[in-house]
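Structure first, commentary second.
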Amino acid sequence: MSVYVHDSLSGRMVEVGGEGKVGLYVCGPTVYGHVHIGNARAPLFWDVVVRYLRSRGLEVTFVQNITDVDDKIIAKANEEGVSWQEIVRRYVDSFHERLGLLGVDLPDIEPRATEHIPEMIGLIGDLIDGGHAYAPGNGDVYYSVGSYPPYGALSKQRPDEMRETEKGQTGFKRSPLDFALWKASKPGEPSWESPWGPGRPGWHIECSAMVEKHLPGGADIHGGGTDLRFPHHENELAQSAAAHPEQTFVRAWAHHGMVTLGAGGKMAKSLGNILDVERAVSLHGKNAVRMWLLQSHYSQPIDYSEEILEEKRRAYERLQNLYAQISGSTHSSGLSDRLAAELRERFDAAMRDDLNTPEAIAALFDVTGRAAKEVAVNPEAARQFHSLAEALQEMLAVLGLDLAGEDAMEVDGVHVRWRSGEEPGEGVLRKVAERQEARREKDWAAADRLRDELHAQGWLVEDTSEGPVLGRR
RNA sequence: GGCGGCAUGGCCGAGUGGUUUAGGCACAGGUCUGCAAAACCUGUUACCCCGGUUCGACUCCGGGUGCCGCCUCCA
């Protein structure tokens, strides 16, 4: 069992998991604010990938770091007059809470930069020893881009053509492209002892150190947004490859597209055009958000709008309705077995081909729709799709989409059902029972009046042969 | 300015050198239904422009146009 992932460095598909194991490293957040849905794309997508790989029997180690020391964290702390640790604590909690709202599981290892200072210092030492870094005496240590000829390969940039930009110049760097591995700390800033004086790590070095530590032998897949390709990933690669040329650092670089907000372009904290995860979930629901992010390929940019999310909510509902038709199955017809096998095969083929979640989801709709057609022609078939329902449950678990079960209650002698999760109030239930009673007496005027009232309260009543079912409208 | 990517039907969005419908949403008509909803049936709209390669290109190559990302912190 293995999957193929498009590698941004070579431009080719790389086989991953052939040995039965997969080491995955994904760049996590810098915790100085609440994560928005753009930030959430990576954790959500890779969580799905991890679930998929595990469902196929692969042993996965998923590492996603947290950057807990950084200029912005320090700035935020100063702004509020609290410690940087306080800022970190607050936004790590917020990050976890928001992932929870989206139904995203935490990675196996969530290393923090500040917990890897010795490893980073060691790595920097190796770079200096190898002639790839220098300490000009101001307390900083810089990576010498010129010492590593392949520099630029990942971002397809040529160092000599990038010289135009001199924004990074400090006076101590030998080349403006050189970047900080270690920064001398100013008074009041977080600081650690090092051979070059008290200071703190540069941004890129943490990922190099943490990949090497937590995924010995290298990462099979290294994920992150396309905006990290340069300079972050380029620098990571340059550091590790130069320090430890005998080791593989990353086998496949997988970059996901940006979440855009219509004409506003890329969603970014610095642009202020962000949509908080909490708001997105409360506006559209977890399932719609997941459907939205998973129904386009990870490598593509994806646009957010309320209309699009509404569409995705409906798409999810359709899947839900299709599933509901066969969910009561007690046995499996030959058709069910065939469809289940086809579904597994297509889902698998799609995922193995560069983690193509939209293709995988299309298979869900297609196969399930065919079962629904059968049910339409032959109502008996509704109870004969056990094997398909089972397969569907597995795939939806991988995608993290809920299969809303149903709860029910006897109200005034009427069996009232509703989608689990949102319990209707006593008054609503009573109205439904009353309406059912009116229908029994063919008092359509009263029944319609009650339907309208329930509608006004946000509920939709569906009449079925098995009695009324409540749903949020 | 440099580098990279993308351009598919009303919208979202996969995919492929030709023989089959991606899938979803929306819309129109119908079946079912007291009504409504769901489901099912039928129908509608495709591959940015110009060249080239090819027996044949939406699918490969070149050019153009447009959009996006990166080149500075950024998922």
Side-chain angles (χ1 to χ4, degrees), chain A residues 8 11 26-30 32 35-45 64 67 70-72 75 152 154-158 160-168 177 203 223-232 234 255-260 263 265-271 291-292 295-297 299-303 305 307-322 324-325 346 350 353 356-367 369 372-377 379 382 439 442-445 447-448 451-452 455 460-465 468-469 471 473:
Chain A
S8 305
V26 176
C27 287
T30 300
Y32 68 97
V35 294
H36 57 254
I37 49 178
N39 295 311
R41 186 177 195 181
L44 192 151
F45 172 70
Q64 183 175 57
T67 300
D70 165 271
D71 289 344
K72 289 187 171 171
L154 181 62
S155 54
K156 310 275 190 280
Q157 302 271 353
R158 315 184 80 177
D160 48 331
E161 286 174 1
M162 292 193 290
R163 291 259 165 113
E164 301 306 318
T165 309
E166 306 226 343
K167 290 176 183 169
L177 289 178
W203 176 31
T226 55
D227 55 348
L228 294 185
R229 194 161 165 173
F230 187 90
H232 187 237
E234 188 76 60
H255 291 104
H256 66 261
M258 298 292 102
V259 171
T260 60
K266 180 178 122 177
M267 184 176 293
K269 287 177 202 155
S270 55
L271 297 176
M291 199 68 157
W292 167 62
Q295 243 187 341
S296 69
H297 190 86
S299 62
Q300 297 301 119
I302 185 169
D303 193 41
S305 76
E307 293 71 33
I308 291 170
L309 268 286
E310 174 61 12
E311 180 193 310
K312 297 304 175 185
R313 211 208 75 225
R314 293 196 187 152
Y316 165 71
E317 239 166 48
R318 173 166 169 81
L319 200 51
Q320 186 71 131
N321 289 332
L322 291 175
Q325 296 199 65
R346 286 173 61 181
D353 184 12
N356 196 333
T357 53
E359 182 81 39
I361 290 173
L364 292 183
F365 278 111
D366 190 33
V367 171
K373 284 191 213 323
E374 176 63 18
V375 173
V377 176
R439 292 184 71 234
K442 299 203 188 298
D443 181 355
W444 307 128
D448 289 347
R451 171 191 290 291
D452 289 344
H455 190 78
L460 184 73
V461 198
E462 291 181 31
D463 297 318
T464 73
S465 53
V469 182
R473 72 175 168 85

**Request:** Pick the P atom in C68(B) and in G63(B), then give their distance to the nearest Å.
**Result:** 22 Å

**Message:** Taking A7(B) as the reference, what is the distance to G15(B) when you measure between their C1' atoms (whole Å, please)?
**Reply:** 15 Å

**Request:** Select from H232(A) and E311(A) the residue whose nearest nucleotide in RNA chain B is closer to the 5' end of that strand.
**Result:** E311(A)

**Request:** State the dot-bracket string of RNA chain B. Criteria: Watson-Crick or G-U wobble, both atom distances under 3.5 angstrom; notation: ( ) intrastrand, [ ] crossing earlier pairs, | interstrand, . unpaired.
**Result:** (((((((..(((.....[....))).(((((.......)))))....(((((..]....))))))))))))....

Which listed nucleotide ([options]) is nearest to the side chain of [X]?
| X | options | value |
| --- | --- | --- |
| L228(A) | C71(B), A75(B), A26(B) | A75(B) |
| A447(A) | A39(B), G34(B), C12(B) | G34(B) |
| R439(A) | A75(B), C35(B), A38(B) | C35(B) |
| Q325(A) | G34(B), C25(B), A39(B) | A39(B) |
| N356(A) | A22(B), G15(B), C71(B) | G15(B) |

**Message:** Do N39(A) and H36(A) pair up side chain to side chain, a donor and an acceptor below 3.5 Å, judged on atom types alone?
**Reply:** yes

**Item:** Flag, side chain of E234(A) to backbone of G152(A), donor-acceptor distance under 3.5 Å
**Value:** yes

**Message:** Any side-chain to backbone donor/acceptor pair from W292(A) onto D303(A)? Under 3.5 Å, distance only.
**Reply:** yes

Considering every strand and a 4.0 Å limit on heavy-atom distances, what is the contact class for [X]: base, sugar-phosphate, or nothing?
| X | value |
| --- | --- |
| D70(A) | nothing |
| R451(A) | base |
| V377(A) | nothing |
| V461(A) | base |
| Q300(A) | sugar-phosphate |
| N321(A) | sugar-phosphate |

**Asked** Is it the case that K156(A) places NZ or CZ above or below the six-membered ring of F230(A), under 6.0 angstrom from the centre and within 45 degrees of the axis?
**Response** no

**Item:** Within-4.5 Å side-chain heavy-atom neighbours: E307(A) and E311(A)
**Value:** no

**Request:** Over all heavy atoms of both residues, which pair between A360(A) and A350(A) is shortest? Give the atoms and the distance, please.
**Result:** N-CB, 3.5 Å

**Complete:** Nearest heavy-atom contact between T226(A) and H255(A) is CG2-CB, 3.9 Å

**Request:** Would you mind reading off the distance between K373(A) atom NZ and G23(B) atom C1', rounded to a whole angstrom?
**Result:** 12 Å

**Message:** Without decimals, in angstroms, what is the distance between R314(A) CZ and C27(B) C1'?
**Reply:** 12 Å

**Prompt:** Has W444(A) got its ring stacked on the base of G34(B), with centres under 5.5 Å and planes less than 30° apart?
**Reply:** yes

